[in-house]
Participant: 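The structure under discussion is supplied below as structure tokens; questions concerning it will follow.
Positions are given from 1 along the sequence.
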Amino acid sequence: MIKKLFLLTVFLSAQFQVLKAQMASLERIEPLNWWVGFKDQSLQLLVKGNRISDKSVSLNYPGVKLVSVQKVENPNYLFVNLQISSATKSGTFPMTFTKKGEKAIKYTYELKSRTNHTEGVTNKDLIYLIMPDRFSNGDPSNDKINGMKDMTLNRDSMYSRHGGDIQGIINKLPYLQELGITTLWLNPVLENDEYRTSYHGYANTENYQIDRRFGNNALYKKLVDECHKRGMKMIKDLVHNHIGDQHFLFLDPPAKDWFHQWPKYTGTTYKDQVLFDPYASNADKKLMTDGWFDHHMPDVNQQNPLVKKYITQSHIWWIEYAGLDGFRLDTYAYNDLKFMAEWAMAITREFPKFTYFGETWVHGTANQVFFTEGSTVNQHFDTGLQGVTDFQTYFAINETLTGKFGWTEGVNKLYTVLASDYQYKDPTRNVLFLDNHDTDRFLSKVGEDFNKYKSGIILLLSLRGIPEMYYGTEILMKNFANPDGKVRDDFPGGWTGDKTNKFTASGRTEKENEAFDFVKKLANYRKNNSVLQTGKLMQYVPEDGIYVYFRYNNEKTIMVVLNTNDQAKDLVTSRFSERIGKHQMGLNIITDQKIQIDNIKLPANTSYIFELQ
């Protein structure tokens with residue numbers, strides 16, 4: 001009898017599990033909420049749950065119309081299409097999911113009132129790029145989160161997590177404000193629940209959740225709010241092209257065509273040229289755009305209408321929820337450019353002054369211009385991309401400070417790159433940089449030559465465009481990207497128990513303080529003087545390794561002089577009378593010393609920046 005009862009219990013339990021598996025359930029609805037007052041009145045809800053497609057959907061709220069319920073290959077998904085009229089009021093309403101013979105599922109959805117009125121990020125700003133895991137650990141309690149796949153915490157490994165977080169960044173805002181920073185750009189902070197190298201953030205596994213090891217959504221919003229209180233702005237790093245292979249959309253995809261599928265793993269060729277090459281094969285184009293960026297980064301199919309709407313809505317959600325000011329668009333060239341043009345229109349429609357710029361790690365000015373707005377180089381369509389991470393100026397600055405002067409070499413490369421600005425609709429929207437999380441540290445790139453370092457800072461903060469500084473550049477952090485990735489080292493002093501704290505003057509060496517003060521002086525001068533933000537640029541053909549250019553407006557004229565030679569030079573300035581005019585003196589912006597500018601003595605590998613008086 002006991003054995004029979006046991007077998008019956010086992011049988012009933014198994015039957016219950018079968019019935020349970022057959023019953024619909026609700027796991028998530030995305031976007032998490034929405035807002036009234038958007039120009040685009042359509043809203044697509046991704047609804048996920050076990051066999052949720054078996055359910056019928058109903059709702060009742062003034063101004064909200066249920067347009068359609070779309071089923072896909074996977075019965076665990078529904079896509080609910082709503083129309084929200086311009087007269088709709090904010091509030092909550094129940095959505096009901098029903099199936100005969102099963103208990104109804106009710107979900108309360110919220111529509112909020114809009115609050116974001118961003119002015120965007122412009123050439124008036126100075127961006128500071130932070131890798132959150134490597135900057136400052138403000139909350140050790142979130143260093144490891146039980147249940148997450150990557151439980152490493154090892155500051156001696158460049159590929160493990162180190163514990164930096166959002167609270168650490170909040171704690172260091174006074175330091176950044178003192179330095180003259182106006183805008184933060186954080187490497188991606190969405191949840192990356194990957195098994196390894198999850199610290200960098202570029203393989204997200206959630207679209208609406210901040211990584212729990214950085215904090216949470218509310219803390220991220222607090223960081224943005226704290227920036228705004230200080231007159232600072234926030235840029236969010238986005239990845240359109242791919243997600244992490246532990247994302248629920250890849251583990252349980254709505255349909256096969258949510259991602260680009262190949263018989264076996266096929267990576268991108270990284271050859272941007274095929275996108276504009278008039279002689280390119282379709283096969284090469286497909287490999288470039290549809291090939292995966294890496295083995296654990298599934299390539300998203302941006303021609304699928306559901307995918308396009310899902311991606312775009314998630315970005316609109318973050319702008320409105322957190323009060324963002326800009327986006328940096330990762331691996332821009334690998335996306336479907338027609339979709340990216342649609343995306344740009346959708347973002348600008350709702351946030352006319354919002355800023356977005358794309359990572360275009362390409363070689364050649366024309367290659368770079370191709371991706372920018374205006375259809376200025378015969379693209380046959382307008383990408384709508386406002387600006388790019390200006391790799392051509394980056395390459396040219398490196399050549400200027402490390403190459404030998406020649407007809408096209410040395411500083412002539414920088415001169416030529418700037419002379420090619422005629423191809424852009426607006427080159428002042430490009431983001432200038434000396435280094436970032438993927439490149440060699442600038443100090444190492446110039447052979448740890450302090451004069452060349454200072455020349456680079458002057459170029460960064462006085463050329464056209466939006467300057468970006470990588471964390472730690474101001475305190476002479478160094479190292480190379482290969483082979484050990486130590487360009488992503490921790491900022492010394494960001495962790496309790498660090499031997500030195502370079503967030504403070506007392507923790508820095510004399511040379512580090514000199515570098516910090518140099519950056520601080522010029523960054524704050526730029527912050528307070530529109531001539532280095534929006535002033536016109538005039539450059540002169542380099543001669544004998546010496547390069548001179550001016551920034552000027554109706555109020556002020558700035559003169560920049562670079563001697564890229566290994567020996568001292570005397571510079572007679574009569575050649576530059578068109579811009580010097582009647583000015584006779586120059587105020588050295590860094591030292592506050594005045595000099596006669598008719599004949600300037602230039603030490604080897606040295607640059608000056610003067611306000612003409």
Participant: Is the Tyr270 ring parallel, tilted or perpendicular to the Phe293 ring (thresholds 30°, 60°)?
Facilitator: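 Ring orientation of Tyr270 relative to Phe293: perpendicular.
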Participant: Compute whether any side-chain donor of one residue and acceptor of the other, for Asp390 and Gln368, lie under 3.5 angstrom apart.
Facilitator: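 On atom types as modelled, these side chains qualify, holding a pair under 3.5 Å.
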Participant: Count the heavy atoms belonging to other residues, nucleotides or ligands that lie under 6.0 Å from CE of Met345, then report whether that count exceeds 12.
Facilitator: no
Participant: Asp489 versus Met158: any side-chain heavy-atom pair under 4.5 Å?
Facilitator: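 A side-chain contact exists here, since the closest heavy-atom pair is under 4.5 Å.
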Participant: Is the Phe351 ring parallel, tilted or perpendicular to the Phe354 ring (thresholds 30°, 60°)?
Facilitator: tilted
Participant: Judged by modelled atom types alone, do Asn207 and His247 share a side-chain donor-acceptor pair under 3.5 Å?
Facilitator: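 Yes, His247 and Asn207 have a side-chain donor paired with an acceptor closer than 3.5 Å.
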Participant: Using a distance-only test with no angle check, is there a side-chain donor-acceptor pair under 3.5 angstrom linking Lys309 and Ser42?
Facilitator: yes
Participant: Give a yes or no answer on whether the side chain of Asn301 reaches the backbone of Asp257 with a donor-acceptor pair at less than 3.5 Å.
Facilitator: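 Side chain of Asn301 to backbone of Asp257: a pair is present.
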Participant: With Tyr202 as reference, evaluate His437, His296, His240 under the ring pair (Phe, Tyr, Trp, His ring centres under 6.0 Å) test and give the passing residue.
Facilitator: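 Result for ring pair (Phe, Tyr, Trp, His ring centres under 6.0 Å) with Tyr202: His437.
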Participant: Between Tyr208 and Tyr310, what is the ring plane arrangement, given parallel below 30°, perpendicular above 60°, and tilted in between?
Facilitator: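 Plane angle over 60°, so perpendicular.
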Participant: Evaluate the ring planes of Tyr321 and Trp318, with Trp represented by its six-membered ring, and classify them as parallel (under 30°), tilted (30 to 60°) or perpendicular (over 60°).
Facilitator: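 The arrangement is perpendicular - the two ring planes meet at more than 60°.
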Participant: State whether a side-chain donor-acceptor pair under 3.5 Å links Asn436 with Glu468.
Facilitator: no
Participant: Return the orientation label for the Phe38 and Trp34 ring planes: parallel under 30°, perpendicular over 60°, tilted otherwise.
Facilitator: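 Rings of Phe38 and Trp34: tilted, as their planes differ by 30° to 60°.
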Participant: Ignoring hydrogens and geometry, is there a side-chain-to-backbone donor-acceptor pair from Asn204 to Ile243 under 3.5 Å?
Facilitator: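 Answer holds: no.
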Participant: Under the ring pair (Phe, Tyr, Trp, His ring centres under 6.0 Å) test against Tyr356, which residue among Trp343, Trp185, Phe327 passes?
Facilitator: Trp343
Participant: Between Tyr199 and His162, does the ring pair (Phe, Tyr, Trp, His ring centres under 6.0 Å) criterion hold? Intermediate values first, please.
Facilitator: CA-CA 8 Å; Tyr199 73 92; His162 291 193; 7.2 Å; no
Participant: Using atom types as modelled and distance alone, determine if a side-chain donor or acceptor of Asn187 lies under 3.5 Å from a backbone N or O of His200.
Facilitator: no
Participant: May I ask you to decide if His260's main-chain N or O and Trp292's side chain share a donor-acceptor pair within less than 3.5 Å?
Facilitator: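 Side chain of Trp292 to backbone of His260, a donor-acceptor pair under 3.5 Å: yes, one is there.
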